[in-house]
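Everything below concerns the one structure shown next.
Residue numbers start from 1 in every chain, and the chains themselves are labelled A, B, ... in the order their sequence lines are given, proteins ahead of strands. These numbers come from a predicted model, not from an experiment.
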Amino acid sequence: MAVEALRLDGVTRRFGAVTALHGASLVVAPGEFVTLLGPSGCGKTTLLNLVAGFQTPDEGEIFLGGESVTRVPVWKRDIGMVFQSYALFPHMSVAENVAYGLRARGIGKAEAMDRVAEALRMVRLSGLEDRRPRQLSGGQQQRAALARALVIRPRILLLDEPFSALDRALRGGLQVEVREIQRAAGVATLFVTHDQHEALAMSDRIAVMCGGRIHQAGTPEEVYAHPADRFVAGFVGDATVLRGRLRGLMGTTAGIEVGQAVLEADATPLRGLSQGAPVDAFLRPETLSPGGPALLSGEVRSVVFQGGHVDVHLDCAEAAGGRAMARLAPMLASGLAAGRVLELAGPSCCAAFPAEEPA
Amino acid sequence: MRWWLRILVLLLLGFIAMPAIVACIVAFDARSILNFPPQAWSTRWFERALSYPDFRDGAWNSLLVMLSASVIATLLGAGAALTLEKLEFRGKRTLEALVMAPLVVPHFVVGLGFLTLFAQSGLPRGLPLLVLCHVVLVLPFVVRSVWISLKSLDGRLEDAALSLGAPPGRVLRQVTLPLLLPGLAGGWLFAAILSFTEFSASLFVSTQRTQTLPVAMYNYVREYADPSIAALSAIWIVTTMLLILAADRWLGLSRVLGTEVPGGR
């Protein structure tokens, strides 16, 4: 068995003068669930279409299970794909939809029926074999599409924003379910989304993309706690950005002066900066708490109750854009109201990047 | 609905139905001159219409031409629509313009053109010429009908079939064409109706032997003014109505004509 389910080597795709993907390299291990996360137009869908074979790269190579498929047409790639609209064939029953890939492979009727039944059992659609796709709910349609993609035992499963057409209330449960089915099938998966919550909740690893490039690929914890650059820090999770100065670099650690406090940060993004250079410190709002020593303070503008937590927005001179946000437990936020001045203590370390504009 | 709007709608409906109603009434007039309203009643003009040899031959010719022309036009039109929608090639705009041209060129010009061409080249002016002429005339309607269905077809369905391992030919047979069926049926129906009622081009390219029913009717009224034409019209209207009712009952006319609301039912 190959050690890599999917490998992209420096894949570039251009549309006329626009480069949609710049030399992307990525590896997906067997059974691994990897998410391509980014805003629309970041190249994630192009990357997925290149892996599927709907498009051909201008440069670079694509390998599935160690075999180059760069010039192999879609229908010979052995991929399973779930589309945003599910793309279930409206003129076929659920069972016929699921059997389609088996029929195309010339698999005998008896075996095909067994495998269809098994796939439908796995996605909990047994008993709905004879329904038409339009007679299914959105969640059922999605599971039928998943069964159709998995029944052919693909080399890789491709999921193109499969939750975006569903009610928010349904999504959480289905995310857990899709992940469980994927794990049970043991199939390597490439998942495309613009929703950071989905990405953080579902992935073994996340590749954060912007402007046709993969900015960082790592576990959800790595991407969240140690973003590689300011785009990743700003796109994944919320951040309060404070203006500071570089105090110095010591090995892999940098010291950042923010007001009176000194925070530690990863030195890699700051290499080459001189002492005293302006930097931006990215703090996760849940790492801020009321009290001292005060890292920042400001007048509360709004208090937004979110159920499990409360988001407090304040005017803050030290913050980039003049605004800071703290995410507090409801108990700590009781009694807070607009107009009050709040002092917040911060963590001892943060992520820091060269300032975008002079402080 | 406001009362004046109701009256307006009724007037409009009456106005649309009036010619057909008048023709049907006149068909039962006993006198041998077209006149309205009739003074005495008879069904003898129906007997005459059904037994008159030119009408019988004309109806047979029209039926043959309609069936051949509509089937050929549907096949050609579907091919043209698929080519225009799926492929990028040089001269695509030209082909598009060419296929749609008969919409702006009057029918008698098309008829005149074919007549001149066949007369000059010495080719026989038989039924194939009529079929050819009708195919050209109805082609744009088929292309449009299929093209609209193609545009509303989710391209991801074809992508899904490809991703499941079906080569393009199989995808066309098992996914694209079955989903295009309503558009194809609608295009065929349009083509058949237009071909059966086509007159001005047929007048040019038909001969005494190959004249279609509308041409035979025209030749008849040039010589006689009796109500057998009205009787023929009445038969025509009732037959068409029955066919459309049947199509609606068994095929679902709204589906065939592609007027069904997407996602409805």
Counting only heavy atoms closer than 4.5 Å, note whether [X] contacts chain A via side chain, backbone, both or neither.
X        : result
B/Asp154 : side chain
B/Leu157 : both
B/Gln174 : both

Given A/Val74, which of B/Leu162, B/Leu164, B/Asp159, B/Val171 fulfils the side chain to side chain contact (heavy atoms under 4.5 Å, CB included) condition?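 By the side chain to side chain contact (heavy atoms under 4.5 Å, CB included) criterion, A/Val74 pairs with just one of B/Leu162, B/Leu164, B/Asp159, B/Val171: B/Leu162.
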I need the residue from [options] with the largest number of non-hydrogen atom pairs under 4.5 Å to chain B.
options                             : value
A/Met81, A/Met92, A/Arg105, A/Arg77 : A/Arg105
A/Lys76, A/Arg148, A/Gln84          : A/Arg148
A/Gly80, A/Ala87, A/Pro154          : A/Ala87

Above 12 or not: heavy atoms from other molecules or residues under 6.0 Å from [atom1] of [X]?
X        : atom1 : answer
A/Arg13  : CZ    : yes
B/Phe15  : CZ    : no
A/Met122 : CE    : yes

To check you understand the geometry: which heavy-atom pair defines the closest contact between B/Leu179 and A/Pro90, and what is its length? CD2-CG, 3.5 Å
For B/Ala166 and A/Trp75, the nearest pair of non-hydrogen atoms, with its separation, is O-CB, 3.4 Å
Is [X] in contact with chain B via its backbone, its side chain, both, or neither, using a 4.5 Å heavy-atom distance?
X        : value
A/Ile79  : both
A/Asp160 : side chain
A/Leu102 : neither
A/Phe83  : side chain

If you count heavy-atom pairs under 4.5 Å with chain A, which of B/Pro167, B/Gly155, B/Pro178 comes out on top? B/Pro167
Should B/Val175 and A/Tyr100 count as side-chain neighbours, where that means a heavy-atom distance under 4.5 Å? yes
Counting C-beta onward and ignoring hydrogens, is there a side-chain heavy-atom pair between A/His91 and B/Leu181 closer than 4.5 Å? no
